[in-house]
Amino acid sequence: MKWYTPNKWQYRKNKKRKSSNNEGHPSLVVGKEGTKFANVGITHSPKRGHHSNIELSRNPNPRDKKKAYLRDDVGLDDERFLKEILKGYQLADEDIPKVLKVIEKYKKRIGTRR
């Protein structure tokens with residue numbers, strides 16, 4: 001797995017998600033493995049099932065004033081679902097450690113399987 005540095009992270013529209021209008025719910029691409037992108041979802045929901053999402057200090061989408069949350073896991077999606085790069089999105093500096101913590105949690109979990 002090749003992990004990107006925070007300045008190389010990209011917001012992309014995830015065509016795999018079920019919502020028809022998911023511009024407000026992008027995926028933050030944080031790495032790549034073969035033809036799959038490692039990504040963390042951004043959402044408006046504070047919970048996903050019984051899992052709590054991580055609150056961001058501000059929404060990365062400058063046009064969206066709703067509260068934004070970071071999903072607490074890393075997903076691997078085929079690059080064909082993540083072709084469209086979203087411009088203008090920006091993560092607040094104080095939220096970068098939150099993303100790095102999610103990535104480290106994922107690395108530990110994967111490390112135990114190998």
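When atom types are taken as modelled, the side chain of Asp77 and the backbone of Asn39 share no donor-acceptor pair closer than 3.5 angstrom.
Cluster annotation: Ile42 is not connected to Tyr69 through the hydrophobic network of ILVMFWY side chains, with a link wherever side-chain heavy atoms come within less than 4.5 Å. Linking Ile, Leu, Val, Met, Phe, Trp and Tyr residues whenever their side-chain heavy atoms come within less than 4.5 Å leaves Phe81 and Ile85 in two separate clusters.
Atom CG of Asp93 sits about 8.0 Å away from atom CZ of Arg58, to the nearest 0.5 Å. Atom CZ of residue Arg71 and atom OG of residue Ser27 lie 7.5 Å apart, to the nearest 0.5 angstrom. Interatomic distance, Glu104 CD to Arg109 CZ, rounded to the nearest 0.5 Å: 13.5 Å.
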Between Lys15 and Glu84, does the side-chain contact (heavy atoms from CB on, under 4.5 Å) criterion hold? Intermediate values first, please. CA-CA 9 Å; Lys15 302 280 188 185; Glu84 185 179 341; 3.9 Å; yes
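A 4.5 Å side-chain heavy-atom check between Ser52 and Lys47 finds at least one atom pair inside the cut-off. His44 is listed as a side-chain neighbour of Asn59, based on a closest heavy-atom distance under 4.5 Å. Using a 4.5 Å heavy-atom cutoff, the side chains of Phe37 and Tyr4 are in contact. Inter-residue side-chain proximity for Lys105 and Asp72 is flagged as met; some heavy-atom pair is nearer than 4.5 Å. For the pair Val102/Val30, no side-chain contact is recorded, criterion being any heavy-atom separation below 4.5 Å from C-beta on. Two residues are said to be in side-chain contact when any heavy atoms from C-beta on lie closer than 4.5 Å; Tyr106 and Leu76 meet this criterion. Looking at Glu79 and Lys32, their side chains come closer than 4.5 Å, going by heavy atoms from C-beta outward. Side-chain contact between Lys107 and Met1 is absent, with no heavy-atom pair separated by less than 4.5 Å.
Here the rule is side chain to side chain contact (heavy atoms under 4.5 Å, CB included) with Leu86, and of Arg12, Gln10, Lys13 only Lys13 fits it. Each of Asn53, Thr43, Leu56 was scored for a side chain to side chain contact (heavy atoms under 4.5 Å, CB included) with Leu70, with one residue passing: Leu56.
Ala68 and Pro60 make their closest contact through CB-CD, 3.9 Å (heavy atoms, listed as atom of the first residue, atom of the second, distance).
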Exercise answer: donor-acceptor pairs, residues 94-101 side-chain atoms, under 3.5 Å, sequence neighbours excluded:
residue : atom : partner : partner atom : Å
Glu94   : OE2  : Ser57   : OG           : 3.1
Asp95   : OD1  : Ser57   : N            : 3.1
Asp95   : OD1  : Ser57   : OG           : 3.4
Asp95   : OD1  : Lys98   : NZ           : 3.2
Asp95   : OD2  : Ser57   : N            : 3.2
Asp95   : OD2  : Ser57   : OG           : 3.0
Lys98   : NZ   : Glu55   : O            : 2.8

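Arg48 meets the salt bridge (charged side-chain N to carboxylate O under 4.0 Å, His left out) test with Asp73; sequence neighbours excluded.
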